[in-house]
Asks: 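This is the structure I have questions about; it appears just below.
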Number of protein chains: 2
Amino acid sequence: MNKIELKSLLTDGALATPTGRIVRTLSARGALSATQIARLTGLAKSTVSTVLTELRRSDMVVEAGSESAGGVGRPATALTLNPKAGTCIGILIGQTEIQVILADVSHTVLSDRSAYLAPDYSPDTAIEYVRKLIADAYQGQWQGREGLLGVGIAVGGPVNPVTGKMLRAGGMPTWAGADMRELFGPIFDGVPIFCDNESNCAAIAEMTWGAAQGHDDFIVYTLDLGVGGAIVSGGRVLRGIAGGAGEFGHVVLDPNGPPCRCGNRGCLDVYASFREPLAESERHFGRSMRLADVVELALGGDATCRALIERAGEAGGHGLGLIGSVFNPTLVVVSGRLVAAGDMLMRPLAESFERHTLVKHGDVPDTARTILSPSRFSDNGACMGAVGLVLRHHGRLLN
Amino acid sequence: MNKIELKSLLTDGALATPTGRIVRTLSARGALSATQIARLTGLAKSTVSTVLTELRRSDMVVEAGSESAGGVGRPATALTLNPKAGTCIGILIGQTEIQVILADVSHTVLSDRSAYLAPDYSPDTAIEYVRKLIADAYQGQWQGREGLLGVGIAVGGPVNPVTGKMLRAGGMPTWAGADMRELFGPIFDGVPIFCDNESNCAAIAEMTWGAAQGHDDFIVYTLDLGVGGAIVSGGRVLRGIAGGAGEFGHVVLDPNGPPCRCGNRGCLDVYASFREPLAESERHFGRSMRLADVVELALGGDATCRALIERAGEAGGHGLGLIGSVFNPTLVVVSGRLVAAGDMLMRPLAESFERHTLVKHGDVPDTARTILSPSRFSDNGACMGAVGLVLRHHGRLLN
DNA sequence: CCGAATAAGTTCACCCTAGAACTAATGCGA
DNA sequence: TCGCATTAGTTCTAGGGTGAACTTATTCGG
């Protein structure tokens with residue numbers, strides 16, 4: 001009965017009731033005290049108290065390991081959803097990688113596994129790997145698959161978040177037109193599937209566990225082999241009518257510029273993605289390299305790699321300036337594997353941003369300036385976001 | 001007591017109470033039936049009914065002229081806030097124009113007056129004109145200034161919506177750093193002042209009375225002597241941390257391009273504003289012209305003017321493509337005086353949009369394609385939006 | 001070591017909102 | 001012309017959320 005109750009509270013059953021709102025808040029944010037819940041939900045302390053005693057009595061909510069914050073006054077007791085009450089799975093379908101994270105409703109990661117594939121693998125291959133990775137994930141867990149509350153899928157290409165169908169080619173031509181619900185439904189029959197593109201998932205991860213915690217309005221700007229991003233407004237990830245929001249990389253700068261893999265010409269992606277610099281460094285070193293190798297070499301002092309990364313920051317700042325002029329956001333979280341280069345990337349990026357945007361340093365007080373934060377996720381941001389998709393109930397596919 | 005009550009209900013007093021929400025909804029949307037109010041606020045019919053009988057008893061809400069819609073079933077009785085309960089003033093501080101609209105809380109425009117000035121007029125001149133226009137506006141009205149509930153100011157340049165201070169030069173160098181609250185406060189002492197830039201006000205007008213009625217998420221794209229716009233997400237106009245959101249015209253396309261009046265180089269505005277085409281037509285005709293003249297001549301069949309407008313549509317589509325790639329919005333309302341050219345502008349605009357954006361025709365079903373709608377406001381959109389600013393309680397300046 | 005200050009969490013009576021069941025007013029078809 | 005379908009609006013009661021006042025648990029200063 002426990003799980004059934006949680007399931008109905010997490011799905012559409014009791015959206016507006018205090019109990020539903022409190023459970024959803026706990027699901028979305030992890031460990032919280034009663035007072036924090038009251039602030040976040042806007043409910044009265046008394047209401048929260050009543051509901052929580054009921055939830056604790058029925059064992060759906062338990063006390064989390066209290067980390068006494070150290071302030072004056074009675075210390076808050078942190079609460080989470082009972083980990084036994086259910087699990088979530090996050091799946092990343094990347095260009096060359098499939099990742100599966102298993103987590104419980106108290107935000108504890110139980111398992112994190114990846115498989116690396118050659119580019120342009122087929123959906124069938126993906127299904128096979130996902131099946132295997134999920135079996136592995138449950139290996140040695142005392143939690144069984146019957147407690148699975150939802151599955152989130154982060155896809156490395158444009159996907160319609162309502163239907164779960166892939167649009168166009170994007171970076172994954174073999175997936176064009178694929179129907180995520182149809183493909184993955186059979187693996188998890190009956191369990192709700194949530195789906196969104198990689199960038200939007202990364203945004204959810206940033207909002208839930210990363211650099212954008214507590215922010216309801218921010219932009220994620222991804223610098224990697226492609227340039228992309230996501231827009232969060234009012235705590236909502238903007239998807240656009242066809243799931244195409246946040247495609248900063250495919251803004252056309254010069255209609256007569258070099259062709260882009262998206263089909264248009266002169267996209268930002270052509271100038272600011274790390275694809276060309278990576279090729280350049282491969283030519284320089286005369287061997288096949290990965291993006292992470294270049295970053296590592298640059299951090300180790302290699303001047304060529306350092307220059308490539310600085311130039312990437314410079315080019316990336318152009319796109320960031322665009323974001324500044326369009327949104328003038330409070331916060332931009334810079335993500336992607338280039339971020340591992342730290343200040344080497346961030347400094348030229350910030351300088352270039354300043355040059356390419358409308359509102360400048362001197363125009364406004366420091367409190368009204370956009371903050372640039374590097375992402376805290378090294379690599380698994382998107383997949384964690386897929387878990388967050390479930391915990392936050394974003395982007396559920398219709399059955 | 002009537003007015004005092006309305007004032008407190010419209011300001012921060014009772015935000016979340018049903019009465020407050022109903023009054024605010026009526027203020028924002030004008031005439032509505034009880035059922036519509038229930039749908040819009042999410043309150044139960046019964047609650048709405050109870051509150052409305054109370055509001056009618058105290059004469060704060062009255063029946064509006066019923067326009068029987070003609071469907072089956074009992075016809076709805078439209079209700080509005082009692083026009084006697086208060087007035088709002090909208091002020092437009094444009095580049096060469098000052099406009100004042102006086103309206104009552106039932107959305108009836110009582111007076112609409114403009115004064116045309118030479119560019120770069122001083123704030124002091126503006127104050128003088130505003131004083132005069134307002135005196136004129138109240139002339140012959142039985143409503144007095146004591147019923148004034150709020151003043152909205154639409155400014156033709158970037159303004160910080162929280163402090164009311166103008167940023168940088170923008171299109172109005174004489175206003176750089178001006179403090180709207182300080183300037184206009186003395187004219188309306190004690191009355192709350194709302195403030196936002198022209199484009200954001202236009203967005204509010206579109207949402208309240210225009211092409212975006214019923215939409216909570218859309219983009220306004222303005223093609224005029226400058227290129228600009230506004231972003232509405234979740235019914236909220238995004239302002240950005242320094243009031244710089246929606247400045248589509250100042251996205252840098254080519255960092256080495258021609259200088260823009262904003263200080264950067266190669267902004268979209270340089271390529272897509274109608275400033276250069278207007279100058280070209282002046283050269284062609286050998287006389288001083290206004291934008292409206294070019295549109296009129298084009299509609300009258302003049303080939304030169306027609307070509308200029310078509311070319312503007314083509315250039316404007318580049319920016320629209322950018323909007324498409326960034327937002328993939330459901331709806332874009334195209335505004336600005338060029339829209340008067342109708343299909344002559346919209347057709348090349350739509351074609352160019354298609355070429356410059358990421359998600360194309362064939363990629364998605366027709367239901368998932370961005371709609372382009374021309375604005376229905378010929379010229380007074382921004383000033384109506386300033387009225388809407390008050391009625392919707394957006395962007396209130398702190399006292 | 002004790003009490004003041006501070007903050008978290010609980011209790012309880014009252015008011016208010018929601019929902020069901022109702023009445024009211026219209027169009028449409030036989 | 002009558003009744004049925006449809007939609008708008010009202011009434012009433014039960015249940016639930018709120019806010020005030022209270023209790024509990026901690027830090028800090030003297």
Asks: Consider the side chain of B:Pro75, meaning its heavy atoms from C-beta on, and name the nucleotide among C:dA7, C:dA25, D:dT11 that approaches it most closely.
Replies: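 That would be C:dA25.
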
Asks: If only side-chain N and O atoms of B:Thr77 are considered, is one of them under 4.0 Å from the OP1 or OP2 phosphate oxygen of D:dG9?
Replies: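 True: B:Thr77 side-chain N/O within range (under 4.0 Å) of D:dG9 OP1/OP2.
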
Asks: Rounded to whole angstroms, how far apart are CG on A:Leu40 and P on C:dA8?
Replies: 13 Å

Asks: How long is the line joining CZ of A:Arg39 and P of C:dA8, in whole Å?
Replies: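 Computing the A:Arg39:CZ to C:dA8:P distance gives 7 Å.
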
Asks: To the nearest angstrom, how far is B:Arg57 atom CZ from D:dT10 atom P?
Replies: 15 Å

Asks: B:Thr35 side chain N/O closer than 4.0 Å to the phosphate oxygens (OP1, OP2) of D:dG9?
Replies: yes

Asks: To the side chain of A:Val72, which of D:dT10, C:dA7, C:dT10 is closest?
Replies: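 Nearest to the side-chain atoms of A:Val72, counting from C-beta on, is C:dA7.
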
Asks: Side chains of B:Thr208 and B:Gln213: any donor to acceptor distance under 3.5 Å?
Replies: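 Result is no, nothing qualifies.
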
Asks: Quick one: which of B:Leu110, B:Val387, B:Thr108, B:Leu149 gives a side-chain contact (heavy atoms from CB on, under 4.5 Å) with B:Thr87?
Replies: B:Leu110

Asks: With a 4.0 Å limit, can you tell me whether B:Thr47 has a side-chain N or O closer than that to the phosphate oxygens OP1/OP2 of C:dA18?
Replies: yes

Asks: Check for a donor-acceptor pair, side chain of B:Asp104 on one end and backbone N or O of B:Gly86 on the other, with a separation under 3.5 Å.
Replies: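 Checked: no pair found.
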
Asks: Is a donor from one side chain sitting under 3.5 angstrom from an acceptor on the other, for B:Ser111 and B:Gln141?
Replies: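 Short answer, no.
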
Asks: Whole angstroms only, please: what is the CG-C1' distance between A:Leu43 and C:dG9?
Replies: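 My rounded result for the distance is 15 Å.
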
Asks: So which heavy atom on A:Ile241 is nearest to which on B:Ala368, and how close?
Replies: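 Heavy atoms only, the tightest pair is CG2-O, 3.2 Å.
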
Asks: From the options C:dG9, C:dT11, D:dG9, select the nucleotide whose nearest atom is closest to the side chain of A:Ser46.
Replies: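 So the nucleotide nearest the side chain must be C:dT11.
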
Asks: Quick one: which of D:dT10, C:dT6, C:dT11 gets closest to the side chain of B:Arg56?
Replies: D:dT10

Asks: With heavy atoms under 4.0 Å as the rule, sort B:Ser33 into base, sugar-phosphate or nothing.
Replies: sugar-phosphate

Asks: When you match A:Arg74 and A:Pro18 each to their closest nucleotide on DNA chain D, which lands nearer the 5' end?
Replies: A:Pro18

Asks: Between P on C:dC16 and CG on B:Leu52, what's the gap in Å once rounded to a whole number?
Replies: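 So the CG-P distance, B:Leu52 to C:dC16, works out to 16 Å.
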
